[in-house]
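Worth saying up front: this structure is predicted, and the values here are computed from it rather than measured. Values below: every heavy atom of this structure, side chains too, minus hydrogens, waters and symmetry copies. So that the names make sense, note that chain A is the first sequence line, chain B the second, and so on, each numbered from 1.
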There are 2 protein chains.
Amino acid sequence: MGDVSKPEAILAALADPTRRAIVTRLRPGALSVGALADGLPVSRPAVSQHLRVLCDAGLLDVHKSGTRRLYQLSPGGVQALRTYLDGLWDDALAGFLTAAKSSPSAKGD
Amino acid sequence: MGDVSKPEAILAALADPTRRAIVTRLRPGALSVGALADGLPVSRPAVSQHLRVLCDAGLLDVHKSGTRRLYQLSPGGVQALRTYLDGLWDDALAGFLTAAKSSPSAKGD
DNA sequence: GCTTACCGTAAGCCATGACTTACGCAAAAC
DNA sequence: GTTTTGCGTAAGTCATGGCTTACGGTAAGC
């Protein structure tokens with residue numbers, strides 16, 4: 001489904017505080033929608049909508065268990081963002097080192 | 001200034017497409033506000049506002065050079081988000097492995 | 001000193017999206 | 001078969017925030 005996990009979608013998904021709270025609550029393990037909503041300050045339908053966004057971004061995985069749906073973190077989505085940040089980190093560090101050379105700043109070079 | 005670089009602020013900052021475009025344009029090296037806005041489909045003040053958000057999140061560093069201000073990527077901000085994702089990845093993988101054991105899935109085990 | 005270049009800030013407008021209630025559907029319980 | 005539980009979807013409301021134009025302020029150029 002949403003296994004492409006583009007960094008843009010993941011960043012957009014993790015931008016919302018409620019969605020980050022959902023992700024945090026899912027870190028210990030999978031939870032049903034009701035259990036998830038029970039510890040959040042929003043209604044259950046709101047949680048469902050957020051879960052859709054998170055799943056669509058590839059951050060969550062869902063599997064049906066009887067009448068309930070268990071949501072859990074998907075390593076693939078997290079990995080996609082990590083890869084993006086690795087490249088960004090590389091460029092940021094290179095730029096930092098370049099700037100360090102250009103600016104004396106009396107640090108001893 | 002914003003060297004604390006909380007993951008929440010960084011995620012919120014990187015959620016906007018324009019701000020991601022700014023970050024992308026800064027990957028090769030530092031740029032002034034005018035040069036930055038010149039390659040973006042928004043006005044210069046809009047870029048200034050985005051730069052403020054990015055700086056506040058700890059993702060960008062600024063240093064004055066005459067009448068212009070050079071903005072560049074800050075490794076610290078990127079690192080903060082990487083650290084957050086490392087922990088998230090750890091939990092996601094653990095949950096994935098636990099689920100793999102619980103669900104036979106008739107894949108050969 | 002005056003002009004020009006470069007930039008940040010303020011005020012206002014408008015679209016995106018997060019939340020709510022109401023509804024419909026599927027699977028378990030009995 | 002009927003009821004109950006658990007969940008997703010639809011429609012509508014309202015706040016957040018991204019964009020614009022207008023303005024003020026500082027450093028270089030002449």
Inset, instruction - Can you measure from CZ (A:Arg52) to CZ (A:Arg19) and round to the nearest 0.5 angstrom? - result: 12.5 Å

Inset, instruction - May I have the distance from A:Arg52 (atom CZ) to D:dT9 (atom C1'), rounded to whole angstrom? - result: 9 Å

Legend entry - For DNA chain C, the residues among residues 9-23 of chain A that have a non-hydrogen atom under 4.0 Å from it: A:Asp16, A:Thr18, A:Arg19

Legend entry - Shortest non-hydrogen contact from B:Pro7 toward B:Ala80: CG-O, 4.4 Å

Inset, instruction - Specify the separation, in whole Å, of atom CD of B:Gln49 and atom C1' of D:dG17. - result: 10 Å

Legend entry - 5′-ward residue of the pair B:Val62/A:Ala46 relative to DNA chain C: B:Val62

Legend entry - Outermost nucleotides of DNA chain C that come under 4.0 Å of a non-hydrogen atom of chain A: C:dA18 to C:dA28

Inset, instruction - Mind checking the CG-CZ spacing from B:Asp90 to A:Arg27? Nearest 0.5 Å is all I need. - result: 8.0 Å

Inset, instruction - Supply the atom-to-atom distance B:Lys6 NZ to B:Tyr84 OH, rounded to the nearest 0.5 angstrom. - result: 14.0 Å

Legend entry - From CG (A:Leu81) to CG (A:Asp86), nearest 0.5 Å: 9.5 Å

Legend entry - Path from A:Leu70 to A:Ile22 over hydrophobic side-chain contacts below 4.5 Å: no

Inset, instruction - Compare every heavy atom of B:Leu31 with every heavy atom of B:Leu36, then report the nearest pair and how far apart it is. - result: CD1-CD1, 3.6 Å

Inset, instruction - Please report, rounded to the nearest Å, how far the C1' atom of D:dG18 is from the CG atom of B:Leu54. - result: 13 Å

Legend entry - Donor-acceptor pair, side chain of B:Arg69 and main chain of B:His63, under 3.5 angstrom: no

Inset, instruction - Send over the distance from B:Leu51 CG to D:dG17 P, rounded to a whole Å. - result: 18 Å

Inset, instruction - Quick one: pull up CD1 in A:Ile10 and CG in A:Leu59 and give me the separation to the nearest 0.5 Å. - result: 5.0 Å

Inset, instruction - Output the residues of residues 25-45 of chain B in contact with DNA chain C, where contact means a heavy atom of the residue under 4.0 Å from an atom of the strand; sort by number or write none. - result: B:Ser32, B:Val33, B:Gly34, B:Arg44, B:Pro45

Legend entry - Expected output: side-chain B:Arg68 to main-chain B:Gly34 donor-acceptor under 3.5 Å: no

Inset, instruction - Would you tell me if any nitrogen or oxygen in the side chain of A:Tyr71 comes within less than 4.0 Å of OP1 or OP2 on D:dG8? - result: yes

Inset, instruction - For D:dG6, take OP1 and OP2 only and decide whether either is under 4.0 Å from a side-chain N or O of A:Thr67. - result: no

Legend entry - Cluster link B:Val53 to B:Leu11, ILVMFWY, side chain under 4.5 Å: no

Legend entry - Rounded distance (Å) that lies between atom P of D:dG6 and atom NE2 of A:His63: 16 Å

